[in-house]
Number of protein chains: 2
Amino acid sequence: MATISDVARTAGVSPATVSRVFNGGRVTAERAERVRRAAADLGFSPNRVARSLRMQRASVIGLLIPDIENPFFTSLARGVEDAAQRTNLSVVLCNTDEDVDKERRYLDIALAEQMAGVIVAAASRKRTDLSALAARGMPVVAVDRRPRAAAVDAVMVDNQHGGEDATAHLLERGYERIACITGPAGASTSEDRLAGYRAAMHEAGVSGEWTRAHTRHADFRVDGGYAAMRELLALRTPPDAVFVANNLMTVGALQALREAGAEPPEFGILSFGDVPWASLVRPPLTTVQLPSYDLGASAAALLQDRLAGSDKPLQTVVLRTVLRARASTAGPGGGGEPA
Amino acid sequence: MATISDVARTAGVSPATVSRVFNGGRVTAERAERVRRAAADLGFSPNRVARSLRMQRASVIGLLIPDIENPFFTSLARGVEDAAQRTNLSVVLCNTDEDVDKERRYLDIALAEQMAGVIVAAASRKRTDLSALAARGMPVVAVDRRPRAAAVDAVMVDNQHGGEDATAHLLERGYERIACITGPAGASTSEDRLAGYRAAMHEAGVSGEWTRAHTRHADFRVDGGYAAMRELLALRTPPDAVFVANNLMTVGALQALREAGAEPPEFGILSFGDVPWASLVRPPLTTVQLPSYDLGASAAALLQDRLAGSDKPLQTVVLRTVLRARASTAGPGGGGEPA
DNA sequence: GGGTATTGAGAAATCGATTTCACGGCGCTC
DNA sequence: GAGCGCCGTGAAATCGATTTCTCAATACCC
């Protein structure tokens with residue numbers, strides 16, 4: 001591979017001049033042209049490793065997500081990737097597995113590799129620690145989940161609104177005893193979606209006692225949703241509908257419903273976040289659609305802005321959800337056709 | 001961040017000695033101890049960028065996959081990642097989108113970033129060109145799909161055996177007019193699975209003419225499977241079962257079946273590759289399970305072997321599939337219970 | 001005891017880019 | 001015409017590690 005010195009020699013100039021040609025220094029047109037031609041002839045492309053060493057910054061950004069097998073995050077990842085590609089940044093995808101230790105290791109790598117910046121969907125609101133990065137001046141953007149007390153840019157979903165919307169929809173369709181399966185206590189996504197549910201229930205005149213008794217915290221995984229749904233069905237006053245706060249738990253909840261012989265839409269079920277292959281589920285599922293791709297794209301844009309040196313005050317971008325009504329919430333009367 | 005010189009100064013030795021302590025040179029025990037303590041005190045960890053520049057090789061490997069949203073590939077990616085992490089390699093995940101140009105760009109980046117090696121699930125058997133990497137001596141492992149005429153290590157699935165197994169299973173369950181929806185002509189996975197199907201049909205005494213007339217090539221995507229299934233159902237001699245050569249196309253095929261009022265298991269359907277949330281599909285789907293995780297893990301192991309300097313002759317590892325019989329192929333008589 | 005291996009350790013070169021510094025040439029001002 | 005400032009340029013320093021080269025000290029052999 002040709003180096004900058006090779007180009008310089010071929011063009012009859014110094015390496016400094018070659019560098020200036022490509023990085024916007026002042027060079028006379030005639031020389032610049034000679035350099036460009038030499039570079040083209042030799043197929044020169046600057047060694048990114050050497051550049052990183054000198055610049056103390058790589059052209060790679062890290063993307064830390066808690067679960068690579070969750071389609072929500074893969075879609076988010078695509079958003080980041082597509083946006084990053086436009087400015088020649090590469091993306092390193094790191095799967096933290098909802099594990100704070102694994103996450104910490106990846107954050108250390110990001111520092112050691114001197115990545116240009118990091119986009120994080122934090123594994124834990126309390127225990128994810130971004131201070132080391134901030135201390136080294138590495139730009140960080142939080143996405144989907146905001147780590148507590150970290151002064152970083154963020155791109156969030158309007159979870160509370162989404163939860164409220166979803167619950168209101170269930171009420172409107174005639175369900176009366178609506179339960180909620182949300183994520184781990186302490187996760188901002190869990191809490192906000194739950195808050196939306198509570199607000200809508202309160203608005204409808206349901207007692208706080210009732211909603212509390214019909215709320216379950218699970219782990220955002222399939223099995224957690226399954227267990228929570230079984231618990232709810234075993235209550236003395238079982239629900240006639242459930243608002244499930246993420247897609248994977250919905251899959252588990254559906255399984256539990258099926259085993260118990262409860263069939264949507266007599267029993268209403270609504271998922272926060274698209275369930276992949278939703279069309280295969282019978283009846284089709286009503287979902288709160290998350291702007292996962294845009295979440296990623298916005299986060300990347302925000303990061304690039306910082307990389308370009310912007311010192312605007314910290315920003316938080318909030319994206320709205322869209323309710324997609326399908327047959328799984330057609331109403332306890334039965335009837336409804338797939339959309 | 002502490003540098004190697006800081007450590008050297010603190011320990012009262014030269015940077016060379018510090019390097020030797022960490023990279024296995026000969027150093028007296030007493031000095032080595034001093035260095036280690038100094039390094040620990042300062043929280044020293046070597047700058048990977050500087051190391052890469054000097055060593056002319058990064059501790060990053062590239063993983064090029066054609067579709068990050070296909071669970072088969074995300075699972076494969078996890079296999080690679082888990083294996084790589086054990087030797088402190090980071091993985092850069094690149095989504096080529098089945099697009100040869102995008103793939104080429106990523107391969108160029110791999111060269112420019114001086115990645116240690118690359119694992120590729122090629123976008124095209126004919127047009128994926130790995131020769132530039134080979135020329136630069138960069139280790140390459142092909143996974144799942146073997147690019148034609150490239151002299152690289154490879155980890156493959158025994159697709160033909162899987163296809164044969166699947167088809168034999170359908171025959172055994174009493175289906176008689178078995179169709180096949182396979183992937184793009186030219187892709188090794190498509191061709192091999194198809195070959196397995198043909199072999200089993202031939203073995204069962206079905207004419208080659210019949211099987212050819214009931215074979216469709218699609219694009220490994222949902223929509224392709226849908227269209228192909230509709231075509232098959234419109235034939236004068238429609239099939240009573242179908243072997244679909246990948247998971248996404250199966251989703252599409254199911255949709256088409258449903259619209260046509262054909263219900264498994266009267267109409268048998270069998271998917272090559274696990275369909276995520278398979279349990280949600282009614283009836284549960286019989287699948288040929290692919291060792292996606294192990295595919296990734298083996299590929300990473302092979303690559304690490306090369307990185308360690310192994311010059312064994314080129315290897316191809318072939319992993320077997322496992323048939324998982326469920327209710328969707330219970331037989332045209334109806335009846336069968338979910339497994 | 002003299003001469004040769006062997007070993008440990010530091011000085012310095014190296015990887016390939018960017019960037020500072022110094023300098024010569026040119027144009028402008030008074 | 002002397003002085004000041006700007007511009008384009010190349011030489012050299014720099015980033016932080018690894019590795020070669022060199023040398024001194026010790027061990028070993030006859």
Side-chain angles (χ1 to χ4, degrees), chain A residues 1-36 38-39 42-60 88 109 111-116 136-138 307 309, chain B residues 1-36 38-39 42-60 88 109 111-116 136-138 307 309:
Chain A
M1 208 52 134
T3 74
I4 199 172
S5 308
D6 298 334
V7 176
R9 207 169 317 117
T10 308
V13 301
S14 76
T17 302
V18 177
S19 173
R20 282 189 271 256
V21 169
F22 291 112
N23 298 295
R26 322 210 58 85
V27 179
T28 52
E30 186 266 336
R31 267 157 188 268
E33 185 44 37
R34 249 175 31 227
V35 168
R36 255 186 276 277
L42 275 60
F44 168 75
S45 94
N47 181 318
R48 296 162 81 134
V49 178
R51 162 182 276 164
S52 297
L53 177 60
R54 179 62 231 243
M55 309 251 279
Q56 303 284 54
R57 166 208 285 192
S59 53
V60 171
N88 271 318
I109 290 181
L111 277 174
E113 291 277 3
Q114 308 193 122
M115 293 182 187
R136 294 273 308 274
M138 179 176 291
L307 290 179
Chain B
M1 205 53 133
T3 74
I4 200 172
S5 308
D6 298 333
V7 176
R9 208 170 316 116
T10 308
V13 301
S14 76
T17 301
V18 177
S19 173
R20 283 191 272 257
V21 169
F22 291 112
N23 298 296
R26 321 208 58 84
V27 180
T28 52
E30 185 266 338
R31 265 157 191 270
E33 185 47 35
R34 258 189 5 244
V35 168
R36 255 185 276 277
L42 275 60
F44 168 74
S45 92
N47 180 319
R48 297 162 80 134
V49 178
R51 164 182 274 164
S52 296
L53 176 60
R54 179 60 230 242
M55 309 253 280
Q56 300 286 63
R57 162 203 290 189
S59 52
V60 172
N88 271 318
I109 290 181
L111 277 173
E113 291 277 3
Q114 306 193 126
M115 293 182 186
R136 294 273 310 274
M138 179 176 291
L307 290 180

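Only heavy atoms go into these numbers, but all of them, side chains included; no hydrogens, no water, no symmetry mates. The chains referred to below are lettered A, B, ... by the order of the sequence lines, with proteins before strands, and numbering in each begins at 1.
When each of dT18(D), dA17(C), dA17(D) is scored by its nearest atom to the side-chain atoms of Thr3(B), the top-ranked nucleotide is dA17(D). Of the candidates dT18(D), dG8(D), dC15(D), the closest approach to any side-chain atom of Arg26(A) belongs to dG8(D). You'll find that the side chain of Gln56(B) is closest to dC15(C), out of dG16(D), dC15(C), dA17(D). Checking dT18(D), dA13(D), dA17(D) against every side-chain atom of Arg54(A), the shortest atom distance belongs to dA13(D). When distances run from any side-chain atom of Val27(B) to the nucleotides dG16(C), dT18(C), dA9(C), the shortest one goes to dA9(C). Ranking dT18(C), dA11(D), dG10(C) by closeness to the Ala16(B) side chain, first place goes to dG10(C). Counting only heavy atoms from C-beta on, Phe44(B) has its side chain closest to dA17(D) among dA17(C), dA17(D), dG10(C). Nearest nucleotide to the side chain of Thr28(A), out of dG16(C), dT9(D), dG10(D): dT9(D). Minimum atom distance to the side chain of Ala50(B) is reached by dG16(D), of the listed dA9(C), dG16(D), dT20(C). Taking every side-chain heavy atom of Met55(B) into account, dT18(D) is the closest of dG10(C), dG10(D), dT18(D).
Atoms CZ (Arg51(B)) and C1' (dG16(C)) sit 19 Å apart, rounded to a whole Å. In this structure, Ile4(A) atom CD1 and dT18(C) atom C1' are separated by 8 Å, rounded to whole Å. As rounded to whole Å, 16 Å separates atom P of dG16(D) from atom CZ of Arg57(A). In this structure, Phe22(B) atom CZ and dT19(D) atom P are separated by 15 Å, rounded to whole Å. Taking atom CZ on Arg20(B) and atom P on dT20(D), their separation rounds to 11 Å, with Å as the unit. We find that CG of Leu53(B) is positioned 12 Å from P of dT18(D), with the value rounded to whole Å. Taking atom CZ of Arg48(B) as the reference point, atom P of dA17(D) lies 13 Å away to the nearest angstrom. Going from atom CG of Asn23(B) over to atom P of dG16(D) covers 17 Å, rounded to whole Å.
Across all strands, Val49(B) comes closer than 4.0 Å to no nucleic acid atom at all (heavy-atom distances).
Phosphate proximity of dG10(D) to Thr17(A): present, with a side-chain N or O under 4.0 Å from OP1 or OP2. An OP1 or OP2 oxygen of dG10(C) is reached within less than 4.0 angstrom by a side-chain nitrogen or oxygen of Arg31(B). Distances shown here put every side-chain N or O of Asn47(A) at or beyond 4.0 Å from the OP1 or OP2 atom of dA17(C).
Here CZ of Arg54(A) is found 12.5 Å from CG of Leu53(B). Values are rounded to the nearest 0.5 Å. Between the CZ atom of Arg51(B) and the OG atom of Ser19(B) there is a distance of 8.0 Å, given to the nearest 0.5 Å. For the atom pair CE of Met55(B) and CZ of Arg48(B), the computed distance is 11.0 Å after rounding to the nearest 0.5 Å.
Of all heavy-atom pairs spanning Ser59(A) and Ser52(A), the tightest one is N-OG, 4.3 Å.
Contact of the Val7(B) side chain with the Thr10(B) side chain is not registered, since no non-hydrogen atoms from C-beta on lie closer than 4.5 Å. In this structure the side chain of Val13(B) reaches within 4.5 angstrom of the side chain of Val35(B), judged on heavy atoms.
A donor-acceptor contact closer than 3.5 angstrom is absent between the side chains of Thr17(B) and Arg31(B).
In the helix from dG1(C)-dC30(D) to dC30(C)-dG1(D), the terminal helix axes, each the rotation mapping four pairs' C1' atoms onto the next four within five end pairs, subtend 40°, rounded to 10°.
Between the side chain of Arg57(B) and the backbone N or O of Ala116(B), no donor-acceptor pair lies under 3.5 Å.
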